[in-house]
Structures are given as C-alpha cells and as structure tokens.
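The next block holds one structure in the form of structure tokens; read it before the comments.
Letters A, B, ... mirror the listed sequences (proteins, then strands); counts begin at 1.
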Number of protein chains: 2
Amino acid sequence: MKLSRISDSTVRRLSSYCRVLEELDREGRRMVSSKRLAERGGVSSAQVRKDLSYFGSFGRRGLGYNVPRLLEEIRSIMGLNRTWRCALVGAGHIGSALFSYHDFRRRGFDVVAIFDNAEAVVGQKWEDCEIQNVKKLVPEIRRLGVDIGIVATPARAAQEVADLMVEAGVSGILNFAPRKLEVPKEISLRNVNMTIELESLSFALRASETRSRKKRAVSVDE
Amino acid sequence: MKLSRISDSTVRRLSSYCRVLEELDREGRRMVSSKRLAERGGVSSAQVRKDLSYFGSFGRRGLGYNVPRLLEEIRSIMGLNRTWRCALVGAGHIGSALFSYHDFRRRGFDVVAIFDNAEAVVGQKWEDCEIQNVKKLVPEIRRLGVDIGIVATPARAAQEVADLMVEAGVSGILNFAPRKLEVPKEISLRNVNMTIELESLSFALRASETRSRKKRAVSVDE
DNA sequence: CCCACTTTGTGAAAGATTTCGCAAGGAGCG
DNA sequence: CGCTCCTTGCGAAATCTTTCACAAAGTGGG
Ligand SMILES: NC(=O)c1ccc[n+]([C@@H]2O[C@H](COP(=O)([O-])OP(=O)(O)OC[C@H]3O[C@@H](n4cnc5c(N)ncnc54)[C@H](O)[C@@H]3O)[C@@H](O)[C@H]2O)c1
Ligand SMILES: NC(=O)c1ccc[n+]([C@@H]2O[C@H](COP(=O)([O-])OP(=O)(O)OC[C@H]3O[C@@H](n4cnc5c(N)ncnc54)[C@H](O)[C@@H]3O)[C@@H](O)[C@H]2O)c1
C-alpha cells in the first residue's frame with residue numbers, strides 16, 4: 001500500500017467519516033451503505049467507495065459496511081488507535097481553549113506539557129499540568145517523548161518555537177499562527193488559519209452580492 | 001469575470017498572499033516579483049502568476065508587482081476593503097478566544113453581537129458588547145444587519161443555531177463545530193475543523209513511522 | 001540604439017482528483 | 001432455484017488544478 005500517494009483530501013474525508021460512523025454507532029446502526037455515509041458526510045457515494053478502496057475492501061455487496069468494523073479499520077488506517085503525546089506552546093486564548101477541549105484527549109491527543117515565555121503565566125497550573133518556561137522546552141519535550149507540537153504563540157514567535165520543537169525531536173507540528181513555518185521535510189506540518197477561512201467567506205459573499213446586483217440590473221433593464 | 005469558477009485553493013492562496021504583501025509593505029519594499037512572493041507564500045511562482053491572471057494583469061514585465069497596489073487589488077477582489085458585521089454564537093472557550101482576537105477586527109470582521117443560552121453568561125459584558133440570550137438572535141441579527149454568523153456552540157446545538165442564523169438572514173456562516181451543517185445553497189459556509197487537522201497529522205505520522213520501520217527492516221536484512 | 005538580463009502573462013501539457021458506469025456479489029422472497 | 005433489488009469495487013472518462021515553457025515587454029548599461 002503506497003500510503004504516500006493518498007491525497008490529503010482523502011485523508012481529511014476519512015477523518016470526517018469517522019465522526020459520522022461514531023454517530024451511527026451511537027444510534028445503534030449495524031450496517032451503513034456508502035450512499036448513507038456519503039449523505040451524512042456531505043460527499044458523493046462514489047467518493048466514499050473510492051476513498052475506502054485505496055486501503056482495501058471493507059464492505060459487502062448488497063449490504064454495505066459494518067459500522068463498528070469500518071470505524072475500527074479507519075481508526076487503524078489513520079493511526080487513531082493509540083495516544084499521541086502533544087506539547088502546547090503559548091498559554092494564551094487559543095492555547096487555553098485547546099487545552100480545555102477534552103474531546104481531543106478522548107480522541108487520543110494528550111497534552112502532556114505546556115510552555116510559555118511570560119512570567120505571569122509560567123508556574124500556573126491548568127488542571128494537573130504546570131505551565132513551564134519555554135526555555136525548558138527542548139529538554140522537557142525530549143524527556144517526555146512528545147510526538148506533536150502545537151504552536152499557539154503570536155505569529156512573530158512561531159518560527160523560533162517551531163525550530164525548538166524540531167530540535168527537540170517532535171514528529172509533527174500543528175500551527176495556529178497565521179504565518180508560513182519552515183520545517184525540515186520529514187516533519188509533518190498542518191496549519192489552522194482562521195483568517196483564511198474568514199477571508200474566503202468574504203470572497204464568496206462579495207461574489208454572490210455582485211451576482212445578485214447584476215441580476216437586479218438585468219431585471220430592471222428588461 | 002466569472003468569479004464562480006475561481007477555485008477555492010486560488011482564493012485561499014490570495015488570502016495568504018495578502019499576509020505576505022502586508023509584511024513586505026511593512027518592510028518598506030516597493031516591488032516584488034512573483035518568484036519572491038511565491039517563496040514567502042510557500043508556492044511556485046507560476047502558481048502566483050496564474051492565480052493573479054484570473055483577475056487581471058497587475059504586474060510589469062521585467063519589474064514585478066507594486067506591493068501596495070497589488071495588496072489593494074487583492075483586497076478589493078476578496079472583498080476586504082469593507083467591514084463585515086459578524087455575530088458570535090456560543091460564548092465559551094473558542095468564542096472568547098475569537099472575540100478577544102483583535103486582528104479579525106483590524107481586518108474588517110467586526111463582532112457586533114454575542115449570543116449564548118446559558119443563564120450564567122447571558123448579561124455579561126465582553127468589552128462593550130453584552131452577551132444576549134440566543135432567543136433574541138433572530139430579531140437582533142435582523143436589526144443589526146449582520147452579514148456573517150459564527151457558530152461556536154457544542155456540536156449538538158450547531159444545526160439549530162445555523163437554522164436561526166439563516167432565518168435571520170445572514171449571508172455566510174463560519175462553523176467551528178465538528179459537524180456538517182445543512183444550509184440553503186445561497187448561504188456560504190466555511191468550516192474550521194481542528195479535529196480533522198490533528199487526525200490528518202496522525203495519519204501522516206503513522207505513515208512516516210511505517211516507512212522508517214520498513215527502511216530499518218530492509219537495512220537489517222541486507 | 002543594441003544587447004544582456006529580468007519578469008510577466010498565458011496557452012498547452014501534465015498531473016491529480018472526482019465522477020461515471022457497470023460487472024459481479026449478495027439478500028430476500030415465492 | 002429463479003428473479004428482483006441492492007450495493008460494492010473499480011477501470012475509464014471527465015473535470016479540475018498545477019506546472020511548463022516561451023513570446024512579449026520592460027530595464028539598464030554602454
Ligand atoms: N485567538 C484567536 O481567536 C485566534 C484566531 C486566529 C489565529 N490566532 C493565532 O493564534 C496564536 C495565538 O493567539 P492567542 O489569541 O491565543 O494569543 P495570546 O496573546 O492570547 O496568547 C499567546 C501566548 O503566547 C505566549 N508567547 C509569546 N511569545 C512566546 C514565546 N516566544 N514562547 C512561548 N510563548 C510565547 C504569550 O505569553 C501568550 O501567553 C496567534 O498566532 C494568533 O494569530 C488566534
Ligand atoms: N475549544 C476548542 O479548542 C475547540 C477545538 C475544536 C473544536 N471546538 C468546537 O467549538 C465549539 C465550541 O467549543 P468550546 O470549547 O468553546 O465549548 P464551550 O463549552 O466552552 O462553549 C460553548 C458555549 O456555547 C453555549 N451554548 C450551548 N448551547 C447553545 C445554544 N443552543 N445556543 C447558544 N449558545 C449555546 C454554551 O453555553 C457555551 O457557552 C464546539 O462545537 C467544539 O466542538 C472547540
């Protein structure tokens with residue numbers, strides 16, 4: 001299985017199929033067809049079948065997919081049947097929201113250390129985790145065996161924090177700062193950029209307003 | 001200009017070019033080539049030129065693009081040279097992080113109302129904005145002329161909140177709840193789903209671990 | 001003005017992703 | 001079993017996106 005040639009869009013859809021399957025499981029459904037799974041996930045049924053076909057044949061013709069079994073298969077494909085150790089850097093607004101979002105822990109993303117550089121917050125305890133000075137980042141991340149670093153500092157500090165994380169040996173980085181980070185190519189990087197989402201919404205709204213203005217103009221003309 | 005056939009990836013890149021251009025502007029650069037813009041934005045120079053070419057010719061051969069002029073052009077294309085009125089629903093962790101993130105306001109996304117359904121928070125004031133009961137959402141959003149609704153409630157309440165927003169006449173919705181929302185097709189919808197980002201990171205890490213395990217095994221064999 | 005060099009804008013090619021369409025497997029019923 | 005109705009898995013076609021490659025336009029030095 002050439003995992004490297006699985007497209008990012010497929011991976012993201014698998015993640016959303018997980019959520020649909022969990023819901024179906026809670027509803028007590030045993031089996032689900034690609035059609036129904038597709039409807040709930042907002043894609044086409046052919047897309048669901050194609051996505052799954054990259055990894056194997058999990059369904060039964062005429063019947064569909066067994067819900068708990070498919071959920072387990074996808075979890076295993078995605079590496080979700082284990083715990084990932086995360087370190088959060090930047091104990092500000094976003095950092096605090098992330099830390100208190102227990103759904104991540106439930107899904108196996110465990111924040112095992114928090115770092116900041118502000119005197120005012122270093123030493124504070126969030127639940128059972130003490131915020132440490134960012135100077136201790138490298139040794140602490142090494143000691144704790146952290147897999148994933150989460151960057152939740154202001155944009156100007158993001159690159160230097162990412163550099164420290166790489167030095168400390170994390171395998172992946174989730175970045176919330178609105179700035180392109182440079183990391184060695186063997187480190188996986190994902191960005192959450194809310195500004196891009198808002199701005200692309202702005203583009204869509206402006207585009208649809210232009211369209212309706214044009215439509216009105218045409219009606220008046222006729 | 002057929003704006004409807006501009007791809008989402010192009011729009012998202014335009015948004016990130018904006019950030020690069022702002023930075024270049026702050027650095028006092030007058031002109032920039034597609035090559036340099038591309039490097040800073042993490043894409044290819046042909047991609048930059050192609051993206052811009054959908055909207056017109058903004059550069060000068062042999063010279064590149066005028067930084068402030070291109071920034072203005074892109075802002076105008078994206079609808080960023082105006083203020084968008086936003087309503088935030090869900091005054092919890094994410095809601096609070098968003099509200100206090102003044103960079104959105106600076107970019108023209110103004111939160112003009114906050115709603116929640118919890119007795120404990122309704123009536124509180126965040127800066128000069130009072131959190132209102134979600135029951136008042138429809139009339140208030142109508143009265144204030146809100147363009148964009150931001151869903152920051154738990155997933156189970158997200159659809160009903162979105163329905164209210166649509167009833168009240170918003171043009172677009174930004175959704176933070178990890179659930180597919182149904183909205184009429186004339187309403188623009190964007191999702192910020194951090195779970196998908198984390199899970200796709202998990203997939204990438206698991207994939208690279210598998211690869212290095214295989215590599216080790218091969219070395220041992222040989 | 002000429003020449004060497006730079007950079008845009010854009011068709012056309014290459015590459016990636018999605019959708020189509022259907023053979024084949026399986027359930028259920030009489 | 002024979003017939004009908006579903007549904008998967010998957011190659012092939014269609015569509016969408018990115019990259020290539022180059023003519024055309026511009027700069028600057030002599
Ligand atoms: N709050 C939001 O809604 C929001 C939205 C979009 C993007 N972001 C981005 O997320 C990031 C964090 O935003 P926020 O609102 O939480 O900011 P914040 O100011 O509330 O928190 C940032 C934290 O990082 C710490 N910090 C600064 N420099 C540091 C360093 N070198 N090492 C370690 N810690 C350091 C600060 O002490 C602070 O505690 C920013 O890059 C911001 O652009 C935030
Ligand atoms: N906190 C995070 O880091 C994070 C990360 C990823 C996704 N999310 C998603 O963002 C959303 C909000 O998360 P949060 O951590 O801020 O949750 P939260 O519990 O801190 O806040 C949710 C708020 O919504 C309010 N609310 C509930 N039902 C409502 C209703 N019907 N109408 C109006 N308000 C209502 C609650 O009173 C609460 O104030 C959730 O869907 C969550 O899954 C959060």
Given atom [atom1] of [X] and atom [atom2] of [N], what is their separation to the nearest angstrom?
X: Glu73(A); N: dG9(D); atom1: CD; atom2: P; answer: 11 Å
X: Gln47(A); N: dT8(D); atom1: CD; atom2: P; answer: 14 Å
X: Lys35(A); N: dC5(D); atom1: NZ; atom2: C1'; answer: 13 Å
X: Arg49(B); N: dC22(D); atom1: CZ; atom2: P; answer: 14 Å
X: Asp51(B); N: dT17(D); atom1: CG; atom2: C1'; answer: 10 Å

Where the side chain of [X] meets the backbone of [Y], is there a donor-acceptor pair that is under 3.5 Å apart?
X: Arg206(A); Y: Ile77(B); result: yes
X: Arg60(B); Y: Asn66(B); result: no
X: Arg85(A); Y: Ala113(A); result: no

Given salt bridge (Lys or Arg N to Asp or Glu O under 4.0 Å), test Lys180(B) with Glu23(A) step by step and report yes or no. CA-CA 12 Å; Lys180(B) 189 197 154 211; Glu23(A) 203 173 271; over 6 Å; no
Does a salt bridge link [X] with [Y], judged by any charged N lying under 4.0 Å from a carboxylate O?
X: Glu27(A); Y: Arg40(A); answer: yes
X: Glu197(A); Y: Arg12(B); answer: yes
X: Arg69(A); Y: Glu72(A); answer: no

Evaluate the side-chain proximity of [Y] to [X]: yes if any heavy-atom separation is below 4.5 Å, no if none is.
X: Val161(A); Y: Phe115(A); value: no
X: Leu52(B); Y: Leu14(B); value: yes
X: Arg179(A); Y: Arg19(B); value: no
X: Val111(B); Y: Phe104(B); value: no

Within 45° cone and under 6.0 Å: Arg106(A) NZ/CZ vs Tyr101(A) ring: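 Not satisfied by the 6.0 Å and 45° rule.
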Applying side chain to side chain contact (heavy atoms under 4.5 Å, CB included) between Val89(B) and each of Ile114(B), Ile173(B), Thr153(B), report the one that passes.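 Testing each of Ile114(B), Ile173(B), Thr153(B) against Val89(B), the sole residue satisfying side chain to side chain contact (heavy atoms under 4.5 Å, CB included) is Thr153(B).
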Report, as yes or no, whether the 6.0 Å neighbourhood of atom CZ on Arg30(B) holds more than 12 heavy atoms from other residues, nucleotides or ligands.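 12 or below, so no.
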Provide the start and end nucleotides, 5' to 3', of the part of DNA chain C that has atoms under 4.0 Å from heavy atoms of chain B.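 The contacted stretch runs from dT6(C) to dA12(C).
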Mind checking Ser34(A) for me? I need base, sugar-phosphate or nothing, with any heavy atom below 4.0 Å counting as a touch.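 It contacts sugar-phosphate atoms only.
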Taking only residues two or more places apart in sequence or in another chain, which ones pass salt bridge (Lys or Arg N to Asp or Glu O under 4.0 Å) with Arg29(B)?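 Expected list: none.
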What N/O pairs connect the protein and nucleotides 23-29 of chain D at under 3.5 Å? Give each pair on its own line.
unit_1	atom_1	unit_2	atom_2	d
dA24(D)	N3	Arg61(B)	NH1	2.9
dG26(D)	O4'	Arg61(B)	O	3.2

Shortest non-hydrogen contact between Gly79(B) and Ser202(A), atoms and distance: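 So the minimum-distance heavy-atom pair works out to O-OG, 3.0 Å.
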N/O-N/O pairs, protein side and nucleotides 12-16 of chain D side, under 3.5 Å:
none

What stems involve DNA chain C, if each pair must be Watson-Crick or G-U and both of its distances must be under 3.5 Å, with 3 or more such pairs in a row?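 DNA chain C forms these stems: C:1-30 with D:1-30.
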Close residues, residues 13-33 of chain B, relative to DNA chain C [heavy-atom separation under 4.0 Å]: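 Those residues are Ser33(B).
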